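Sequence lines set the chain letters: A, B, ... in the order given, protein chains first and strands last, and positions in each chain run from 1. What you see is a predicted model; the values in this text were computed from it and never measured.
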Amino acid sequence: MSAFNPLPVTTRFAPSPTGSLHLGNARTAFFSYLWARQSGGRFILRIEDTDAERSQLRFRDALMGELRWLGLEWDEGPDIGGPSAPYSQSERGEFYRQLYAQLEARDQAYPCYCTAEDLELSRKLQRMSGQPPRYAGTCRGLSAAQRAERVARGLKPTLRFAVPKDQIIEFADAVHGPQRFSSNDIGDFIIRRDDGTSAFFFCNAVDDSAMGVTQVLRGDDHMTNTPRQLLLLDALGLRRPGYGHVGLLVGEDGAPLSKRHGSTSAQEFRERGFLSTAILNQLFRLGHAGDTDGWLPADQMRAHFRPQHLGRAPARFDESQLLHWQKETLERMSTTEIRAWLGAEDPAEFVDLIRHNVVLPADAVPWRAVVRGDLQPLGEGERRIIAAAGREFFAAAAAAYTEGNSELKMLTKVLKERTGRKGADLFMPLRVALTGSAHGPELAPLLKLIPPETARRRLESHAQNS
RNA sequence: GCUCCCUUCGUCUAGAGGCCUAGGACACGGCCCUCUCAAGGCUGUAACACGGGUUCGAAUCCCGUAGGGAGCGCCA
């Protein structure tokens, strides 16, 4: 039974364009997308590029490319606009400035002249004395004269939010349930950097609210950031979105997914030949339980998505499960589609033959070599099969083949008569000699695709030097 | 250090006090099918972190313990 959502939910994905689309981010984007689609709401793409140093346009474009490849179409975004434009934070400076002015006018924010070194030292001292490393409030009570003095010294201030004391912040987390924090555990944090750009806590919260996001879905690592964003929104009189914190996606060793786990970006999986539907099927089940166990086509996932079944515990990414969904997806594709996916101009009959022996495009390479090329060196098991069959067997096979028994059915019939062998003893040596492997697609049709001269040569080679 | 979060088979998860001698999926093993592999069918191994409560009854509620994780950044 899927969730009954009387109200359309507006969700968003707000990546910073500082790298490729990580699988973990792809997953939260996907869940957000599904939630919006399921409820008939909107899905917004917002680019958090206030860090000019690290943000790059090429990352933004790559991010959007991966999102599209996965089929996560957004209703509002930097490329298509929308009622809350612009959708790149680097272009929203004017909006932020108004809010800063509002905060400063009410003494809910104040300039801080502490240098990065000052702060680092302070944190170090706090840590050493067993205190939480929080901003000490040094600049909170500065008079106008003191501020002027610091400006005169050439110090460029940041803007800090003045966190109110003795406040209890409560919110209902969509995945964790009721949460309760004390504002006394929160230090005054920076909402504007000394270069005038906006800091994450600020623009992220403010934009979610201003853009009409009703449900923020993000990683667990943001859980304890939420109360400070709520405080900020409250101070500004802005509407609070709902928040939901999903357990992180981790690698096989339990550590957050990173480079040393191999592929971690959507792009890398795509380049290896994974299909977007396979990845979606996998992500759908990582930290989420839908109402079905089976494979789902991409466009049906929204109907089976259950936001109330989002996971709290970290989910391990296991490639063997992805491989399973890859196979399931492949099974449902037409020969034409698979041929395009393989991208090698293979004849349709060849694709049809090998499709069940291929999970990734690279798996097709050896089969292509069987039909037009040279065989790989034999493996241990294969050599044993050849040796067990014996030279005479292959001499007989080559002879029979040369006499015109080029069809497997005829070939085995003649060989059965001449050598007395049958079953696996008959087929396996032929399979190995002809294809180089003990496993593979059906042999008869495969043999038809091997040039006669090549087939003969392969049989003969084992009659001579084994 | 402080605050917060997490903990069911190897993995992903179902489970919202009795329907649980804990279900499904992936992986793994066996059997069937079969020239092989894959697919398919059948089948097997395998989990409630630990300790106390509450209750007629706890995987489910409460309290501790242990182990993981996050945040406390002029990163997002």
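- The P atoms of B:C37 and B:C28 are separated by 14 Å, rounded to the nearest whole Å.
- Residue A:Arg123 is in sugar-phosphate contact alone, with no base atom involved, counting any heavy-atom pair closer than 4.0 Å across all strands shown.
- One interatomic measurement links the two molecules: CG of A:Leu415 to P of B:C35, which rounds to 16 Å at whole-angstrom precision.
- For B:U60, there is no paired base (Watson-Crick or G-U wobble, both distances below 3.5 Å).
- Not counting sequence neighbours, the partners of A:Thr335 by the side-chain hydrogen bond (donor to acceptor under 3.5 Å, both in side chains) test are A:Asp352.
- As judged by a 4.0 angstrom heavy-atom cut-off over every strand, A:Thr50 is placed among residues touching the sugar-phosphate backbone only.
- Nucleotide B:C37 has no partner under the Watson-Crick or G-U criteria, as no pair reaches both atom distances under 3.5 Å.
- Counting only heavy atoms from C-beta on, A:Glu48 has its side chain closest to B:A76 among B:G71, B:C12, B:A76.
- Ring planes of A:Phe181 and A:Phe171: parallel class, angle under 30° (limits at 30 and 60°).
- Checked for salt-bridge contact, A:Glu48 and A:Arg46 meet the test: a charged N lies under 4.0 Å from a carboxylate O.
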Nucleic acid footprint by protein, nucleotides 1-10 of chain B - heavy-atom cut-off 4.0 Å, B for base, S for sugar-phosphate alone: BSSSSSS---
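- When heavy atoms are screened at a 4.0 angstrom cut-off, A:Arg54 is found touching the sugar-phosphate backbone but no base atom.
- Among A:Arg58, A:Arg60, A:Glu53, the one residue that satisfies the side chain to side chain donor-acceptor pair (under 3.5 Å) test with A:Gln56 is A:Arg58.
- Within the cation-pi definition used here (under 6.0 Å to the ring centroid, within 45° of the axis), A:Arg228 qualifies as a partner of A:Phe201.
- Separation of the P atoms belonging to B:A22 and B:C35 is 40 Å when rounded to the nearest angstrom.
- Comparing the P positions of B:U60 and B:U55 gives an interatomic distance of 16 Å, to the nearest angstrom.
- Nucleic acid contact class of A:Ser16 (heavy atoms, under 4.0 Å, all strands): sugar-phosphate only.
- Searching all strands for a Watson-Crick or G-U wobble partner of B:C72 with both distances below 3.5 Å returns B:G1.
- In this structure, B:C42 forms a base pair with B:G30, meeting either the Watson-Crick or the G-U wobble geometry with both donor-acceptor distances under 3.5 Å.
- A:Cys114 comes within 4.0 angstrom of a base, heavy atoms only.
- By the 6.0 Å and 45° rule, A:Arg160 stacks over the aromatic ring of A:Tyr135.
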B/S/- contact track for nucleotides 28-33 of chain B, protein heavy atom under 4.0 Å: ------
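- Between A:Tyr243 atom OH and B:G71 atom P there is a gap of 17 Å when expressed in whole angstrom units.
- Comparing the C1' positions of B:A27 and B:G10 gives an interatomic distance of 8 Å, to the nearest angstrom.
- Taking the centre of each ring, A:Tyr243 and A:His176 stay at or above the 6.0 Å mark.
- Looking at which nucleotide of RNA chain B each of A:Ala199 and A:Gly423 is closest to, the 5′-most match is held by A:Gly423.
- With sequence neighbours excluded, no residue forms a side-chain hydrogen bond (donor to acceptor under 3.5 Å, both in side chains) with A:Trp367.
- Rounded to whole Å, atom P of B:A14 lies 12 Å from atom CG of A:Leu286.
- Atom P of nucleotide B:G73 and atom CG of A:Leu119 are separated by 9 Å, given to the nearest angstrom.
- Rounded to an integer number of Å, the gap from CZ of A:Phe202 to C1' of B:A76 is 16 Å.
- Checking A:His309 against A:Asp194, the closest nucleotide of RNA chain B that is more toward the 5' end is the one next to A:His309.
- The aromatic ring centroids of A:Tyr100 and A:Phe202 lie less than 6.0 Å from each other.
- With a 6.0 Å cutoff to the six-membered ring centre and a 45° limit on the axis angle, A:Arg355 does not count as a cation-pi contact of A:Trp341.
- Judged as a side-chain hydrogen bond (donor to acceptor under 3.5 Å, both in side chains), and not counting sequence neighbours, the contacts of A:Ser320 are A:Asp318.
- Distance, A:Arg193 CZ to B:C74 C1': 7 Å, rounded to whole Å.
- With B:U11, B:A27, B:A70 as the candidates, the nucleotide lying closest to the side chain of A:His324 is B:A27.
- For the C1' atoms, the distance linking B:G71 with B:U13 amounts to 28 Å, nearest Å.
- Of the N and O atoms on the side chains of A:Arg193 and A:Thr197, at least one donor lies less than 3.5 Å from an acceptor on the other residue.
- Taking the P atoms as reference points, B:U43 lies 14 Å from B:G23, given to the whole Å.
- Distances shown here put every side-chain N or O of A:Thr18 at or beyond 4.0 Å from the OP1 or OP2 atom of B:A76.
- Remark: B:A49 base-pairs with B:U65; criterion is Watson-Crick or G-U wobble with both hydrogen-bond distances under 3.5 Å.
- One interatomic measurement links the two molecules: CD1 of A:Ile386 to P of B:U36, which rounds to 17 Å at whole-angstrom precision.
- Nearest nucleotide to the A:Ala315 side chain, out of B:C35, B:G71, B:C12: B:C12.
- Atom pair A:Leu323:CG and B:C12:C1' shows a separation of 15 Å (rounding to whole Å applied).
- Here the separation of B:G18 from B:G57, taken at their C1' atoms, is 6 Å to the nearest Å.
- Comparing B:A25, B:A76, B:U13 by their nearest atom to the side chain of A:Ala289 picks out B:U13.
- Taking the six-membered ring wherever Trp is involved, the centroid distance between the rings of A:Phe269 and A:Phe317 falls below 6.0 Å.
- There is a side-chain donor-acceptor pair under 3.5 Å between A:Thr115 and A:Asp118.
- In this structure B:A25 sits in a base pair with B:U11, meeting the Watson-Crick or G-U test at under 3.5 Å.
- Taking atom P on both B:U3 and B:A58, the two are 33 Å apart, rounded to the nearest angstrom.
- Contact annotation: A:Arg306 does not reach the phosphate of B:A16 (side-chain N/O to OP1 or OP2, under 4.0 Å).
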Summary of protein contacts for nucleotides 37-51 of chain B, nucleotide by nucleotide, where a base hit scores B, a sugar-phosphate-only hit scores S (4.0 Å, heavy atoms): BS-------------
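- Between A:Arg302 and A:Tyr33, the side chains place a donor N or O and an acceptor N or O closer than 3.5 Å (distance only, hydrogens not considered).
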